[in-house]
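Encoded as C-alpha cells, the structure appears first; notes follow it.
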Amino acid sequence: MNYDAKTIEAKWQSYWEETGRDRALETSQRPKYYCLDMFPYPSGSGLHVGHWRGYVLSDVWSRYKRLNGYEVLHPMGWDAFGLPAENDAIKKGIHPTVGTARNIANFKEQLKRMGAMFDWSREINTSSPEYYKWTQWIFLQLFDMGLAYRKEMPINWCPSCKTGLANEEVVDGACERCGTPVTKRNMNQWMLRITDYAERLLNDLDDLDWPEKVKKMQANWIGRSEGAELSFELHGLEKRLAVFTTRPDTLYGVTYMVLAPEHPLVSELTTPQQQQAVSEYVTQTLAKSQLARQRVDKTKTGVFTGGYAVHPLTGELLPIWIADYVLMDYGTGAIMAVPAHDQRDFEFARQFQLPVRRVIKMAGVQEVSEQNMQEADVRDGTLMNSGPYDGLTVEEAKRNVVLDLEAKGIAKRTVGYKLRDWVFARQRYWGEPIPVVHCERCGIVPVKEEDLPVLLPDVERYEPTGTGESPLAAIESFVQTTCPKCKGPAKRETDTMPQWAGSCWYFLRFADPHNAERLFDREKVDYWLPVDMYIGGVEHAVLHLLYARFFTKVLYDRKVIGFHEPFVRLFNQGMMTLHGAKMSKSKGNVVSPEELVEKYGTDTLRMYELFVGPPEVDAEWNPRAIEGVHRFLARTYRLIVDAAAQMQKQESRSLGKLRHRFVQQVTERIEGFRFNTVVSAFMEYVAALSEQSETLDQKTLDTLVICLAPLAPHLAEECWRIIGNQGSVFDASWPEVDERYLVDDTVVIVVQINGKIRDRIEVARETEQEQVRERVFASPSVQTAIADKTIVKEVYVPGKIFNLVVR
RNA sequence: GCGGGUGUGGCGGAAUUGGCAGACGCACCAGACUUAGGAUCUGGCGGGUAACCGUGGGGGUUCGAGUCCCUUCACCCGCACCA
C-alpha cells in the first residue's frame with residue numbers, strides 16, 4: 001500500500017474538526033498548558049515556509065504536551081491593524097476591512113492545511129470592534145492611572161509613513177517599517193509612561209525563562225545607570241543648571257559644561273555676541289535627520305553660548321557650550337564635561353581647545369601629561385588634584401562627593417534610563433481611535449466606558465495628511481461630538497493607536513475571547529495565564545515583548561489580572577533563508593508551502609521544517625532534502641502496514657531494548673527542543689525495526705505511532721487505526737521509559753595507546769579491572785604497539801576506555 | 001567603539017561530565033530489480049597508496065580536547081555620542 005498523504009490528511013483534518021478535538025476546555029481534569037504563537041499580521045502575500053517554522057514548532061510542542069497529560073490551549077488570531085492594509089486602501093481603493101478579511105480568510109485556509117491543533121473557536125481579530133473596544137478600555141485605564149498623557153515635544157517622524165514613531169520603531173536612524181530616515185518633529189502627542197515601569201521591567205527579567213540574548217537586549221534597551229544629579233549655579237543668573245552624571249568623583253576635572261541645543265536655558269544663557277552663532281547651530285541641529293545626528297563619523301560640533309556656570313567646590317567659572325552630542329531627552333539634557341576621563345568630552349575639548357584636567361591616576365604611576373593624552377583615561381584609579389578627595393578610590397569619591405553636595409542641598413542620587421516614554425499616537429487611519437474628546441471647557445475628557453467602542457468611521461481618503469493630523473480629522477461627523485462631562489460641543493481625538501496596541505494584551509483575550517461584557521473573565525484569565533510557552537521571531541525582542549510586559553504589569557496594578565509577567569518561557573525560532581537571505585515577497589525569494597503540501601503532504605513538510613536544522617538557528621531552504629523526509633515517512637507507513645498484517649503477541653527482549661532506548665532519546669531531545677535530532681532518532685529506529693527478522697508486536701507499534709503523533713499527526717492517526725486501536729491517538733499517553741532496558745549486558749572498551757585507538761574489546765558489564773587489563777594486554781595490536789616500549793601509566797575509565805601511556 | 005553569537009566532510013548538521021569526530025539526511029559513486037528510471041532496494045562515501053593527518057589559525061592544560069584556558073582571524077546579530 002502506498003503512502004497517500006493527501007487522502008490521509010484530508011480525512012483526519014475533518015475528523016478533528018468534527019470531534020472538536022482541538023478545543024481547550026476549562027472543565028478538563030487535566031492540568032492546563034498554554035502554548036502560544038506570536039500571532040501574524042495577515043498580509044496579502046500569505047504564508048511561506050519560513051512562517052511555518054515557528055507554527056510547526058509550537059504545534060509539535062502542544063501536541064507533545066497533550067500526550068503528556070495536559071489540557072493544551074493553543075489559539076490563533078490576527079494582528080490586523082497596520083499599515084499595509086491602509087496602503088492598499090490608498091493605492092487600490094480596497095477598504096481595509098475588506099482587504100483584511102480577505103487576507104485573514106487566506107491565512108486561515110493555509111494554517112488549516114498545516115494541520116495544527118489551533119482552537120479556532122477562540123479566534124480573535126484586533127481590528128474588529130468587539131476586540132478594539134477593549135483595547136480602548138485599557139487606554140482609559142492608562143489615562144485614569146495617569147500613565148497616558150499628552151505632551152508637546154520633538155518626536156521621531158517618518159516623512160514617508162507621515163506619522164510619529166516610538167523610539168523602538170527607529171532602527172539605525174530610519175523607520176523600522178519603510179527604511180526612510182527619520183526626522184524630528186515637534187508635536188503634541190499621546191505618550192505612555194512606560195518609564196515608570198523601567199525598574200520592574202528590568203528586575204523581573206531575572207525570573208523569566210527566556211533566551212539570554214533577548215533578556216540582555218531588553219536590559220540594554222532599558223539602560224539603567226546609577227548616578228547623581230548635580231546642580232550648578234549660573235553666573236549672573238538667578239537660575240541653576242542641573243546635570244546628570246555617573247561620575248561625581250570627577251567633579252574637580254570639570255572644565256566646561258554642555259547643554260543639548262534644545263535645552264530650555266539656552267536662550268537665557270546666550271550672550272548677545274554669541275546670539276547668532278547659537279541660533280544658527282540650534283536650527284541646523286533640529287533640521288538634521290536622526291541618521292545624520294548619530295552618524296558613525298562622530299566629529300564633535302558645538303558652539304559657545306557666552307554663559308558660565310560656577311564650580312560648586314572651587315568657584316571657578318566654567319564656560320557653557322551647546323553641542324548635539326548631548327541629548328535633550330536623557331538625564332537633564334545637560335552635562336558637566338570631564339575631558340580627561342570621558343572620551344566624548346575629550347574629543348570635544350580637543351576640537352575646541354578646551355582645557356583637560358586629570359583628576360584620576362593609577363596608584364604609583366607617573367601618568368602622561370594632559371597635553372599629551374591621546375584619549376580619555378577611563379580606568380578606576382585614585383583621585384588627584386581634587387582637594388579633600390585626593391587619594392580616595394573612585395568608588396569612595398563617588399560616594400563622598402555626593403554626600404557632601406547633598407548636605408549642601410545641591411545634589412541627589414538618581415538613576416538614569418535609556419528607555420523613553422512611549423509615543424503612542426499615530427496620524428494614520430487603520431488603528432484604534434484613541435477614546436478621548438477635547439472640550440474647550442473641560443479640556444481632555446475620556447469617553448465614557450459605556451460609549452465604547454469609538455468606532456472607526458468610513459473615510460473617503462485614507463492618505464495621511466502629513467500636516468500631523470490623521471485622515472480622521474477630515475471627517476466632520478466623526479470629529480464633532482459632545483463633551484461627556486459638560487455636554488457642550490467638543491472634538492474627538494483623531495489620532496489612532498500604534499500597531500502594537502492590540503498585541504499588548506491579545507494573549508489575555510484568548511482565555512475568554514468572546515466576552516461582550518468585560519475585557520475578559522478574570523477567573524478564566526488567571527486559570528490559563530501566564531503563557532507557558534511563547535514562540536516567535538527574535539525581531540520583537542524590544543518592541544512587542546517589552547510593550548506586552550508593560551501592559552501586563554499595568555493591568556496587574558489595576559487588579560484586572562493576578563500575575564505580572566505574561567510569558568513564562570520564550571523561544572525564538574530561526575529564520576528560513578533562501579540564497580542566504582531572509583525570505584520575503586519583496587525580494588522574490590519565498591518558497592510557498594502550497595505546492596509542497598500538494599506534492600508531499602503536510603506531515604512531510606512539518607517534519608522537514610524540524611529536520612532542517614536546530615530550531616533556534618537560521619536555516620537555508622534545501623529543496624532536495626525534503627525528499628529524504630518524505631521517503632522516511634513512506635517507509636514508516638509501509639513498515640506499519642506490513643507489521644499490522646501479522647503482529648506478534650509478545651515483545652521480544654531485543655525489541656524492548658530498542659524501544660526503550662528510542663523513547664528515552666526522543667523524549668530527551670523533544671524536552672531539549674532539539675527537534676532536528678528527534679527526526680534522526682526516528683530514522684534510526686525505523687531502520688532498526690526494518691532490519692528485524694522477527695515480526696513486530698503491538699507495544700512496539702503503539703509506541704512508534706504515539707511518538708510520531710506530535711510530528712506527523714495525520715499519519716499517526718491513520719496508523720493508530722491500522723494497528724488496531726480506537727479513537728484518536730491524542731487520547732493516548734506518552735510512553736514511559738524503563739531504565740532496566742537501557743543497560744546492556746556487555747560493553748565495548750576502547751583500547752588506546754597514548755590516546756590513539758588500537759583495539760576494541762567486548763566484555764561483560766561487571767568485569768573487574770584486572771580482567772579487562774588481561775584482555776587488553778592479550779590483544780595482538782596492543783602487543784605490537786608496546787613491543788619495545790615502556791609502560792608509564794595505565795588509565796582505566798570503567799566501561800569505556802583503557803589507555804596505555806608508553807614511551 | 002560596547003555587548004552577544006557562530007566557525008566540524010561537497011552540503012545541512014550529530015557528538016552526556018573532557019573519553020570511538022562526522023550520527024541522520026542531501027548530493028555523489030557502484031550494484032540489484034526493470035523495456036525504462038528522475039521509482040524502489042542494497043552497498044560505499046573526511047583527506048592520504050600508507051604510516052598517519054584531520055573540528056577557522058597559533059599556543060597551553062591533560063593519559064586523552066570539537067568540548068577547558070590563553071591568543072588570533074573571519075563572519076553574523078544587537079546597541080550605538082545615554083553623560
Side-chain angles (χ1 to χ4, degrees), chain A residues 2 171-173 211-225 227-228 243-247 250 258 260 293-296 298-301 323-338 341-345 347-348 375 416-420 538-539 541-542 575 580 608 611-614 616-629 631-632 634-635 638 668-669 672 674 676-687 690 748-760 792-797 799-806:
Chain A
N2 277 329
V171 179
D172 291 334
E212 285 307 315
K213 178 191 162 95
V214 175
K215 291 209 252 183
K216 205 151 250 165
M217 280 168 75
Q218 289 211 358
N220 288 343
W221 191 261
I222 294 167
R224 182 182 199 278
S225 61
V243 302
F244 175 71
T245 179
T246 54
R247 297 294 305 274
T250 60
V258 187
R293 192 162 167 177
Q294 30 172 262
R295 257 208 328 262
V296 189
K298 286 166 188 161
T299 312
K300 296 284 180 292
T301 59
D324 66 2
Y325 82 92
V326 174
L327 308 174
M328 188 57 224
D329 50 4
Y330 184 77
T332 62
I335 61 157
M336 60 178 218
V338 185
H341 304 292
D342 181 285
Q343 185 58 27
R344 296 151 303 181
D345 297 344
E347 286 165 15
F348 191 82
E375 57 181 4
Y417 298 96
K418 286 206 264 185
L419 184 70
R420 309 289 148 86
V538 74
E539 64 273 16
V542 286
M575 295 187 307
Y608 175 66
F611 191 54
V612 72
E616 69 281 6
V617 174
D618 292 351
E620 173 73 9
W621 182 258
N622 180 344
R624 308 291 279 282
I626 192 170
E627 302 262 359
V629 175
R631 272 199 287 268
F632 161 71
R635 218 162 29 229
R638 244 175 292 137
E668 190 180 285
R669 293 175 183 188
R674 285 148 46 217
N676 52 330
T677 64
V678 170
V679 179
S680 303
F682 270 97
M683 289 171 167
E684 286 172 271
Y685 185 52
V686 168
S690 310
V748 173
I749 308 277
V750 172
V751 182
Q752 298 180 333
I753 310 290
N754 288 346
K756 293 206 170 64
I757 298 150
R758 284 292 175 263
D759 202 359
R760 293 181 176 83
V792 183
K793 192 171 176 181
E794 294 173 21
V795 181
Y796 178 54
V797 182
K800 277 188 176 163
I801 255 173
F802 202 110
N803 188 16
L804 294 176
V805 185
V806 302

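Chain naming here is simple, since letters A, B, ... match the order of the sequence lines and numbering starts at 1 in each.
Two residues are said to be in side-chain contact when any heavy atoms from C-beta on lie closer than 4.5 Å; A/Thr245 and A/Val338 fail this criterion.
Across all strands shown, the partner of B/rC11 is B/rG25, judged by Watson-Crick or G-U wobble contacts whose two distances both fall under 3.5 Å. B/rC41 and B/rG31 make up a base pair, with Watson-Crick or G-U wobble contacts both under 3.5 Å.
Out of B/rC41, B/rG19, B/rC26, the shortest distance to the side chain of A/Arg635 is found at B/rC41. With B/rC53, B/rC24, B/rA14 as the choices, the nucleotide that has an atom nearest any side-chain atom of A/Pro614 turns out to be B/rA14. For A/Lys418, whose side chain is taken as the heavy atoms from C-beta onward, the closest listed nucleotide among B/rC20, B/rC81, B/rC79 is B/rC79. For A/Gln752, the side-chain atoms get nearest to B/rG19 when compared with the rest of B/rG19, B/rA14, B/rA83.
An OP1 or OP2 oxygen of B/rG13 is reached within less than 4.0 angstrom by no side-chain nitrogen or oxygen of A/Arg674.
Figure legend: cation-pi geometry between A/Lys300 and A/Tyr325, with NZ or CZ positioned under 6.0 Å from the six-membered ring centre and within 45° of its axis.
Checked by distance alone, A/Lys800 brings a side-chain donor or acceptor within 3.5 Å of a matching partner on the base of B/rU17.
The gap from the P atom of B/rU6 to that of B/rA15 amounts to 14 Å, rounded to the nearest Å. A distance of about 25 Å separates the P atoms of B/rC11 and B/rC73, rounded to the whole Å. When the C1' atom is used for both B/rG46 and B/rG22, the distance is 8 Å, rounded to whole Å. B/rC69 and B/rC75 have their P atoms separated by 24 Å, given to the nearest Å. Nucleotides B/rG43 and B/rG54 place their C1' atoms 26 Å apart, quoted to the nearest Å. On the P atoms, B/rC2 is 37 Å away from B/rG64, given to the nearest whole Å.
Base orientation of B/rG9: syn, since the glycosidic angle falls within 90° of 0.
Both A/Arg624 and A/Ile335 lie close to RNA chain B; mapped to their nearest nucleotides by heavy-atom distance, the more 5′-ward contact belongs to A/Arg624. Nearer the 5' end of RNA chain B, as judged by each residue's closest nucleotide, is the contact made by A/Asn676, out of A/Asn676 and A/Val795.
As judged by a 4.0 angstrom heavy-atom cut-off over every strand, A/Arg669 is placed among residues making no nucleic acid contact.
Residue A/Glu212 holds its CD atom at 4.5 Å from NZ of A/Lys215, rounded to the nearest 0.5 Å. Between A/Ile801 atom CD1 and A/Ile757 atom CD1 the span is 7.5 Å, to the nearest 0.5 Å.
With hydrogens and angles disregarded, a donor-acceptor distance shorter than 3.5 Å links the side chain of A/Arg669 to the backbone of A/Thr677.
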